[in-house]
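Atoms considered below: every heavy atom in the structure, side chains included; atoms not considered: hydrogens, waters and symmetry mates. Below, chains carry the letters A, B, ... as their sequence lines are ordered, and counting in each starts from 1.
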There are 2 protein chains.
Amino acid sequence: MSSGSKEAGTRQRIVEAADRLFYRQGYEHTSFSDIADAVQISRGNFYYHFRSKDEILDAVIAARLAATGEMLAGWERAADPAARLRSFIHLLFVNRLSIKAHGCPVGTLCGELAKLDHPARQEANELFTLFRAWLAREFARLGRGREADGLALHLLALSQGVATLAHAFDDEALIRRQVRLIEAWLDEQCRAGAREKQSA
Amino acid sequence: MSSGSKEAGTRQRIVEAADRLFYRQGYEHTSFSDIADAVQISRGNFYYHFRSKDEILDAVIAARLAATGEMLAGWERAADPAARLRSFIHLLFVNRLSIKAHGCPVGTLCGELAKLDHPARQEANELFTLFRAWLAREFARLGRGREADGLALHLLALSQGVATLAHAFDDEALIRRQVRLIEAWLDEQCRAGAREKQSA
DNA sequence: CCTTCGCTTGGACGGCCGTCCTAGGAAACT
DNA sequence: AGTTTCCTAGGACGGCCGTCCAAGCGAAGG
């Protein structure tokens, strides 16, 4: 078993609890006591496993990068680029309850670290880059090679914005409605890609 | 003179400095000492003008609400709904340097207050609501009455997402390119509105 | 049995936080 | 002139923060 917090080692349980708390409360607002309470270990025990709070953050980001990579690899199983892009949008819908409650895990973390000018900022941005590169490749496969990165950023921006608004307004229905608009936009991009392929 | 920090009263200078610092560093990460240093007054002097840090935040939000209201009123001078909507998008372009450096002032504040579950959260959301209602009204005037609120949220989400990504990637050119895509989208909505008006 | 070693404990530390309080100064008014 | 009022200065306070440390635990190995 690679995860599962019951029998996992203390180090992994710390990372899992920190991950959850950083998402729900933000990095700066989460104290060592918060994590210690969640894992049910003493505060001093941290410094056997991690030298500092920043080091926990690094471990959390690394875990998220690994999980994201696996998820993207899983989406590759979809039949065609259009279906793969749809699975990205679908992610918004699947996670709509946690997004409504806590925003997008990637966007809120990168935003906070950018404001704090935190050293781990660049590593966190890699999460965005992972999505950006994956989306751009799928748009290219769709026949939109020239504008692939711009379209990837556009789709990424849409998902980020929807998450931001749903979080602020604490509104789940907003996500459902906007997802439909995004899917319509994507259909249009697919048609445009098909036309461009045909003319080539 | 309604603003101008040189001759302004201490209270107003505190609000202006707090506004700037909350935007650049975030609310929680900004301490009383930070604001005191910026205004060049003693820490204790705060509590003559404000009872608590939350009260400063309330004043900052109120100031932003007033400024936003004035800005939206100014946009009303534009000739037609399409031009007014374009001035919203243009805002993204005009502020691209500060957005790249610190994100959207509205989005980052609402996001932080939501994560902290701060009492002032709803007041901050009013900033979003101001834009949302204004945009929805313009879309309605454009002939898109039925979908006006959805389109308003879509445009708001796009601007939020672009700000989030430009902030994370510290990338100004990203804003310029995405603004062009958003303008193209808006043109399409205008044409759709014209068609709908004609058929009615 | 006794040592060793991986892991844990709980408290001590210096520092910064938001808050509060008292004293003083500079005008304005009597 | 004296008095009142508004504003400011600067330090004291309790509390939580991230960090560090000395001591203790149980299991593995001699």
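Between A:Ser31 and A:Asn45, the residue anchored closer to the 5' end of DNA chain D is A:Ser31, taking for each the nucleotide with the nearest heavy atom.
Listed pair A:Ser42 / C:dG10 fails the phosphate criterion, with no side-chain N or O lying under 4.0 Å from OP1 or OP2. In this structure, B:Thr10 reaches the D:dT8 phosphate: one of its side-chain N or O atoms is under 4.0 Å from OP1 or OP2. Taking side-chain N and O atoms only, A:His49 has a distance below 4.0 Å to OP1 or OP2 of C:dT8. For D:dT19, the OP1/OP2 oxygens have a side-chain nitrogen or oxygen of A:Tyr47 closer than 4.0 Å. For the OP1/OP2 pair of C:dT8 and a distance below 4.0 Å, the side-chain nitrogens and oxygens of A:Tyr48 include no atom meeting the criterion. In this model, the phosphate group of C:dG18 is not approached by any side-chain N or O of B:Ser52 to a distance below 4.0 Å at OP1 or OP2.
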> Could you walk me through whether B:His154 and B:Trp185 pass the ring pair (Phe, Tyr, Trp, His ring centres under 6.0 Å) check?
Replying inline: CA-CA 11 Å; B:His154 195 80; B:Trp185 173 84; 5.1 Å; yes
> Can you check salt bridge (charged side-chain N to carboxylate O under 4.0 Å, His left out) on A:Arg20 and A:Asp34, steps first, answer last?
Replying inline: CA-CA 11 Å; A:Arg20 195 170 47 246; A:Asp34 292 335; over 6 Å; no
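Distance B:Tyr27 OH to C:dC17 P: 14 Å, rounded to the nearest Å. For B:Gln40 and D:dT8, the CD to P distance is 14 Å, given to the nearest whole Å. What separates CG of B:Asp34 from C1' of C:dG18 is a distance of 13 Å, to the nearest Å. Between the NZ atom of B:Lys53 and the P atom of C:dC17 there is a distance of 9 Å, rounded to whole Å.
Between B:Arg144 and B:Glu147 a salt bridge is recorded (basic side-chain N to carboxylate O distance below 4.0 Å). Using a cutoff of 4.0 Å between basic side-chain nitrogens and carboxylate oxygens, A:Lys100 and A:Asp171 are not scored as salt-bridged.
For A:Arg43, whose side chain is taken as the heavy atoms from C-beta onward, the closest listed nucleotide among C:dC17, C:dT8, C:dG11 is C:dG11.
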